[in-house]
Amino acid sequence: MTEKQSSHQLPPCHSNNDLSSSRKSRTSRLSQLFSRTLKLSSSNDSIVEGFSTCSPPSVAVSEPPADVAAASSGEMKRSSRMLMNVRKLPVHSETHVSEWITNASQQTQTSLEDDNFGDSHESYIQKGKIHLEILEDKQAMKCFESAINLRRDALGDEHPSVADMLFKVGVILISKRGLYRNALKFHNLALQIRLIALKDDDPAISASYKALGSISYERAEFSKAKSFYRQAFVVDEKIINESSTPDAELNMASSLLGLGRVECSEGKHSEALTYYTQAQKLQNTTCTDNNIYLARTLHAIGVSNVRKGSTDEGMSFYREALRLQRDCLPDVHPDVAKSLSSIGVVQASTGHINEAIITFEKALAMQRMCLGNEHVEVARTLNNLGIALVSQQQSKKAIELYDQAKNMIERTLKKDHPFIADIVVNKANAHFQCDEYEGSIDCFNDAFRIYRVCGLPNDHPSIVRALNLMSRVRHQENLTI
């Protein structure tokens, strides 16, 4: 493996100067971080700023779930048990999905009104999760703050259990609502405490680095993401050198998967596949009872193959990932929906539009059941479905879906994110199909503005595709005039 030594320097908040400072200075700094984290998390400033820009020129192929989720297998298992209750639901029915979501909201509201939680930190966590599910973010943050402060009062700011609580809240914010911006603060503070309180080869430190790497990846901050994943790899390698256990190998595979995702985002598919293959080898020897992590790696391999043009090979990996997921997960699960959406992308790109639309609708219904109507994965699938509808000359309906996706992302992500520009380009193409040339050009100009703000190079595939599409619009506009 080539990543045995990391020369990447972490951002200033992770520097060795912090670790060598006096206890008084560290305690003061942690107090400030606590105050800032809890204050900002409870304020109106809860806009999410995370989304993957790993989309090919025309369709947004989703990456495997963030490593934040992988770092909390207990949370994932609990979610799986909850989803077992909807295992046999007819996910193709839009009306049924709406009814299911309404019933679920009523049930969670009833749970809050019963108020049988008590005053322990775990009770506050459970209550906060329910508030998140019914979109009551401020109340959720107050519950999380109460849970954290209870543990701080009992153990002090530098205790590992306080870091564990912060980490847990970060995981919940992402898994329940995709609140990357808020989760970033909690995970950053958890890492600071762990760097002070734990040995440098503790798995918890690796988990924190991977959590921050995943968040940076979703925020399209790829150099930061690579740095965090490399730091995690270094810790994992130290652990394996001391004692190679199945858990240690799974942790290293997760770091390799993260590094591969970053390389894939930058168009370096050969490098990405090298990381994925190394991760797969580790998982093949350890994932005997639980194939969820192996399925995510196989899905990632499929993404890289599709993006480099090997659609048949990519499809085979998607189908194998889906088979493993259906063996160990309920039928209605975010990972299953992600695989379905990726399969739909291949179906659309190979001309099987009707099949793709059915697949996208199944994935969309499942995501709405599992994640609600305001999650970034829902926006991704809406975008993919819109592209398929344009291919069927249903451009007006596609524009409605693009607007839904764009508005959804603007409510939850930073507005100047490359994926928003990709959606705007797709909307421009839909306007062009409707002979609405002025609207199309306006969309292209808006997309190019976002691409410039994001600093994408002129030869980036998204910009090249947008330029080619706009040239067609200009040409047709001149012919019409």
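Shortest non-hydrogen contact noted between Y209 and A232 is CB-CB, 3.8 Å. The minimum heavy-atom distance linking M141 with N182 is given by the pair CE-ND2, 3.7 Å. Closest heavy-atom contact between A279 and A253: CB-O, 3.5 Å. The minimum heavy-atom distance linking S341 with F360 is given by the pair O-CE2, 3.2 Å. Across all their heavy atoms, F432 and R472 have their closest contact at CE2-NH2, 3.3 Å. Considering all non-hydrogen atoms of both residues, E263 and K226 come closest at OE2-NZ, 3.6 Å.
For S395, the side chain to side chain contact (heavy atoms under 4.5 Å, CB included) criterion is met by V390, A430, Q433, C434, not counting sequence neighbours. In this structure Q394 satisfies the side-chain hydrogen bond (donor to acceptor under 3.5 Å, both in side chains) test together with Q392, sequence neighbours excluded. Taking P246 as the reference, T286 meet the side chain to side chain contact (heavy atoms under 4.5 Å, CB included) condition, with sequence neighbours excluded. Every residue two or more places apart in sequence or in another chain was checked for a salt bridge (charged side-chain N to carboxylate O under 4.0 Å, His left out) with D442, and none qualifies. Residues forming a side-chain hydrogen bond (donor to acceptor under 3.5 Å, both in side chains) with D247 (at least two apart in sequence, or on another chain): none. Partners of A140 according to the side chain to side chain contact (heavy atoms under 4.5 Å, CB included) rule, which considers only residues two or more places apart in sequence or in another chain, are H131, L132, F144. For D435, the side-chain hydrogen bond (donor to acceptor under 3.5 Å, both in side chains) partners are Y437, not counting sequence neighbours. Qualifying salt bridge (charged side-chain N to carboxylate O under 4.0 Å, His left out) partners for R323, counting only residues two or more places apart in sequence or in other chains: E320, D327. Q347 meets the side-chain hydrogen bond (donor to acceptor under 3.5 Å, both in side chains) test with T359; sequence neighbours excluded. Among residues two or more places apart in sequence or in another chain, the salt bridge (charged side-chain N to carboxylate O under 4.0 Å, His left out) test is passed with K406 by E410. R319 pairs by the salt bridge (charged side-chain N to carboxylate O under 4.0 Å, His left out) definition with nothing, not counting sequence neighbours.
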**OP:** Quick one: do Y402 and I387 satisfy side-chain contact (heavy atoms from CB on, under 4.5 Å)? Show the steps, please.
**Re:** CA-CA 9 Å; Y402 292 143; I387 293 169; 3.4 Å; yes
**OP:** Could you check H299 against Y318 for ring pair (Phe, Tyr, Trp, His ring centres under 6.0 Å), going step by step and ending with a plain yes or no?
**Re:** CA-CA 5 Å; H299 182 275; Y318 288 155; 5.1 Å; yes
**OP:** Show your reasoning for whether side-chain contact (heavy atoms from CB on, under 4.5 Å) applies to I239 and N251.
**Re:** CA-CA 10 Å; I239 296 171; N251 285 336; 5.7 Å; no
Subject >> side-chain contact (heavy atoms from CB on, under 4.5 Å) evaluation trace for F167 with F186 >> reply: CA-CA 6 Å; F167 185 92; F186 287 96; over 6 Å; no
**OP:** Tell me, with the steps shown, if V336 and L322 meet side-chain contact (heavy atoms from CB on, under 4.5 Å).
**Re:** CA-CA 6 Å; V336 176; L322 183 61; 3.8 Å; yes
Identify every side-chain donor-acceptor pair in residues 446-459 under 3.5 Å, counting partners at least two apart or on other chains, and give the distances.
| residue | atom | partner | partner atom | Å |
| --- | --- | --- | --- | --- |
| D446 | OD1 | R449 | NE | 3.4 |
| D446 | OD1 | R449 | NH2 | 3.3 |
| R449 | NH1 | D416 | OD1 | 3.2 |
| Y451 | OH | D422 | OD1 | 2.5 |

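Residues H187 and V171 form a side-chain contact, since some pair of their non-hydrogen atoms from C-beta on lies under 4.5 Å apart. Contact of the N383 side chain with the F419 side chain is registered, since non-hydrogen atoms from C-beta on lie closer than 4.5 Å. In this structure, Q283 and R296 have side chains that are not in contact, with every pair of non-hydrogen atoms separated by 4.5 Å or more. Counting heavy atoms from C-beta on, the side chains of L256 and Q280 never come closer than 4.5 Å. Looking only at side-chain heavy atoms (C-beta outward), V425 and M470 stay at 4.5 Å or farther from each other.
Rounding to the nearest 0.5 Å places CG of L382 at 11.0 Å from CG of D403. Taken to the nearest 0.5 Å, the CD atom of E221 stands 7.5 Å off from the OG atom of S223. Atom-to-atom distance recorded for I240:CD1 and T245:OG1 is 7.5 Å, nearest 0.5 angstrom. With values rounded to the nearest 0.5 angstrom, L364 atom CG is found 12.5 Å from I357 atom CD1. Here CD1 of I343 is found 13.5 Å from NE2 of H352. Values are rounded to the nearest 0.5 Å. T274 contributes atom OG1, which lies 12.5 Å from atom NZ of K268 (distance to the nearest 0.5 angstrom).
Looking at S254, its side chain never comes within 3.5 Å of a backbone N or O of L250 through a donor-acceptor pair. Judged by distance alone, the side chain of S208 and the main-chain N or O of I205 form no donor-acceptor pair under 3.5 Å. Side-chain atoms of S214 never come within 3.5 Å of backbone atoms of K210 as a donor-acceptor pair (strictly under, hydrogens ignored).
Checking L184, L179, D137 one by one against L173, the side chain to side chain contact (heavy atoms under 4.5 Å, CB included) holds for a single residue, L179.
One finds no salt bridge joining E313 and K308 here, because no Lys/Arg side-chain nitrogen approaches an Asp/Glu carboxylate oxygen to under 4.0 Å. The pair R380-E377 meets the salt-bridge criterion, since a charged nitrogen lies less than 4.0 angstrom from a carboxylate oxygen. Ion pairing between R261 and E218 holds under the 4.0 Å rule for side-chain N and carboxylate O.
Side-chain N/O atoms of D236 and S255 include a donor and acceptor closer than 3.5 Å. In summary, the side chains of K281 and T285 do not present any donor paired with an acceptor at a separation below 3.5 Å, with no hydrogens or angles considered.
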